[in-house]
Amino acid sequence: MVSIRPVLSVLGYLYVGLAAAMLVPAFVDVVSRNADWQAFIISSLITGLVGMLLIVAMGGALRDGLDTRQTFILTTLCWVSLPAFGALPFLWLGIAYVDAAFEAVSGFTTTGSTVLTGLDSLPPGLLVWRSLMQWMGGVGIVVMAIVLLPFLRIGGMQLFQTESSDQSEKIVSRSIELIRLISLTYLFLTSLCIVLYWFSGMTMFDAFNHGLTTIATGGYSTHDNSFGYFTNPVTGWIAVVFMIVGALPFVLIIQALRGQPLLLWRDPQVRAFLWLVGLISLALTIYLGTSGNADSFGSAILQSAFNVISVVTGTGYAMGDYTSWGAPVIGLAFLLKFVGGCTGSTTGGIKVFRFLVFFGTVIAHMRRMVRPNRVISVSYGNTHLTPELTFSVLAFLVVYIGTVGILTLILSLFHLDLVTAVSAAATSVGNVGPGLGTMIGPSGNFAALPDPVKWILCSAMLLGRLELFTVLILLDPDFWSK
């Protein structure tokens, strides 16, 4: 059997860190003279106590590091258990358990779907806690995508194996430096975003919260109208820039900040991502201008770029209700929910890299049909892809689409209309944010859904964030045998 002692030891340290983070909203409530600070202090004590007990009980279990199977278990337990503790403050404030769990899962997975209403009047500590969950989830996603998933060879991620990923199946010690660089870069970009938001006219409170959730491509806002609340176009363009930054590979961002900015443009998925959002934003701008849905050209181009990038990156911010712009825009928004940003970013979805591999594989197959004796390989940039890697990507795509289909069928059993069911499934697995339709669209939220549906969507959000196979592999009996 697989030993989980090292896994529990790592989880203990993570719980202690989470407990420390809960002191931030407690401090905000104390400064604001809001009595809700007690909820965060009590939740912090419970979470910290569990973490300390695990650290002490497991002793020196981490001395030998983690092997592949232990890493699968750790990754899954981390994303499942952290939201469980993150939901505690919501419970202390009287929010129903299913809603508290939904909000915490959506926060940590940076999905951005919400069951809360009246955000403008919620306690400041609670709003900060929502933002912090997304910010912590965002850096966790980057670390998982860069350090863990290439090591676990999931969905073609092995192509992005870095020198810091230990080939001997021990990943803890040699990844520390890479994690440090990721964290510092993430903190720098977040701070820059906050400062620019503040200079654009946001209050410091709004700038802090939106800075955390923009770079995490999470989408939690402090206002029911999301970015429609802010009237300064500069604020919207700042969000556009940092949503794009959050969708770029963090390894390349680190290299760009260290004096090699051209490496970003040389990456095929970065070029494809920028061309995609640029061309679709331009097309949508023309559509809005000709259909009379925008007041001016400046308004049309901002709303188009903002909403396209928000949907593609899975951020989930909204600038107006884009579903009111007509059926073509609704169809476009649905398709964009599957895309996602670049590999190694904070975004959800399938990721541009996998689409490039898929289309490359399809083209190579068609060419072989014309000339069966011709040797044609699939490439990514200057790298020739192995059959194992292309199969890994294709398997991921099949499982991803199949998961959305199965979830749509399950949700329809609860008498949800087709648009709500299929968009909720796609949104949750892709960690995108709002769905489509009057109930869960950009102008609504998930509060009216039945409780069983909320639990199903919680599972879907976790499954999507864990890249599907991280969880599915645990269901294989061979995984647990020696």
Side-chain angles (χ1 to χ4, degrees), residues 1-26 38-92 97 100-101 104-105 107-109 129 132-133 135-137 139-141 143-144 147-149 151-152 165-166 168-180 182-183 458-459 462-463 465-466 470-471 473-482:
M1 293 294 291
V2 182
S3 173
I4 63 170
R5 287 177 57 84
V7 173
L8 295 178
S9 181
V10 174
L11 287 176
Y13 286 104
L14 292 175
Y15 297 159
V16 171
L18 183 64
M22 289 178 178
L23 299 178
V24 175
Q38 301 173 54
F40 294 103
I41 293 296
I42 294 172
S43 300
S44 177
L45 290 174
I46 294 173
T47 306
L49 178 61
V50 173
M52 291 300 298
L53 289 175
L54 284 176
I55 292 171
V56 173
M58 296 304 107
L62 260 181
R63 276 194 300 265
D64 297 327
L66 300 173
D67 61 24
T68 304
R69 291 189 295 175
Q70 290 167 336
T71 306
F72 272 110
I73 298 170
L74 170 63
T75 307
T76 302
L77 287 181
C78 174
W79 287 98
V80 171
S81 62
L82 287 179
F85 286 103
L88 292 178
F90 295 97
L91 295 176
W92 285 101
Y97 184 72
V105 170
F108 275 103
T109 59
W129 181 233
L132 269 177
M133 285 192 297
W135 189 78
M136 291 185 291
V139 72
I141 291 162
V143 170
M144 182 179 73
V147 178
L148 296 181
L149 295 185
F151 168 78
L152 299 177
S165 297
D166 195 328
S168 63
E169 299 192 346
K170 298 296 180 183
I171 67 168
V172 175
S173 59
R174 294 185 61 186
S175 301
I176 298 300
E177 177 62 18
L178 182 57
I179 293 173
R180 185 184 69 84
I182 292 170
S183 301
C458 282
S459 302
L462 290 169
L463 191 61
R465 180 48 67 200
L466 286 163
T470 309
V471 178
I473 194 68
L474 300 181
L475 304 179
D476 184 0
D478 288 342
F479 176 87
W480 300 98
S481 61
K482 289 186 178 180

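For clarity, every value in this text was computed on a predicted model and none was experimentally measured. What's counted below: heavy atoms across the whole structure, side chains too, no hydrogens, waters or symmetry copies.
- Applying the ring-ring contact (aromatic ring centres under 6.0 Å, His included) rule to Trp79 yields no partners; only residues at least two apart in sequence or on another chain are considered.
- Of the listed residues (Leu148, Thr470, Leu149), just one forms a side chain to side chain contact (heavy atoms under 4.5 Å, CB included) with Thr71, and that residue is Leu148.
- Around CG of Leu91, the count of heavy atoms belonging to other residues, nucleotides or ligands within 6.0 Å exceeds 12.
- The nearest pair of heavy atoms linking Pro25 to Ala21 is CD-O, 3.2 Å.
- A distance of 10.0 Å separates CG of Leu18 from CG of Leu132, quoted to the nearest 0.5 Å.
- Not counting sequence neighbours, Ser459 has no partner by the side-chain contact (heavy atoms from CB on, under 4.5 Å) test.
- For residues 81-90, the side-chain hydrogen bond (donor to acceptor under 3.5 Å, both in side chains) pairs, not counting sequence neighbours, are Tyr15-Ser81.
- Ser183 is linked by a side chain to side chain donor-acceptor pair (under 3.5 Å) to nothing, counting only residues two or more places apart in sequence or in another chain.
- Judged purely by atom type and a 3.5 angstrom limit, Ser9 has no side-chain atom pairing as donor or acceptor with the backbone of Arg5.
- Put simply, OG1 on Thr109 and CE on Met133 are 9.5 Å apart, with the number rounded to the nearest 0.5 Å.
- With sequence neighbours left out, Phe108 forms a ring-ring contact (aromatic ring centres under 6.0 Å, His included) with no residue at all.
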What side-chain donor-acceptor pairs closer than 3.5 Å can you find for residues 42-50, not counting sequence neighbours?
{"residue": "Ser43", "atom": "OG", "partner": "Ala39", "partner atom": "O", "Å": "2.7"}
{"residue": "Ser44", "atom": "OG", "partner": "Ala19", "partner atom": "O", "Å": "2.7"}
{"residue": "Thr47", "atom": "OG1", "partner": "Ser43", "partner atom": "O", "Å": "2.8"}

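- With sequence neighbours excluded, the residues that form a side-chain contact (heavy atoms from CB on, under 4.5 Å) with Leu77 are Val7, Leu11, Ile73.
- Looking at Val105 and Arg465, their side chains never come closer than 4.5 Å, going by heavy atoms from C-beta outward.
- The distance from the CE atom of Met144 to the CG atom of Leu74 is 11.5 Å, given to the nearest 0.5 Å.
- Residues Cys78 and Pro83 share a closest heavy-atom pair of O-CD, 4.1 Å.
- Trp129 contributes atom CH2, which lies 9.0 Å from atom CG of Leu88 (distance to the nearest 0.5 angstrom).
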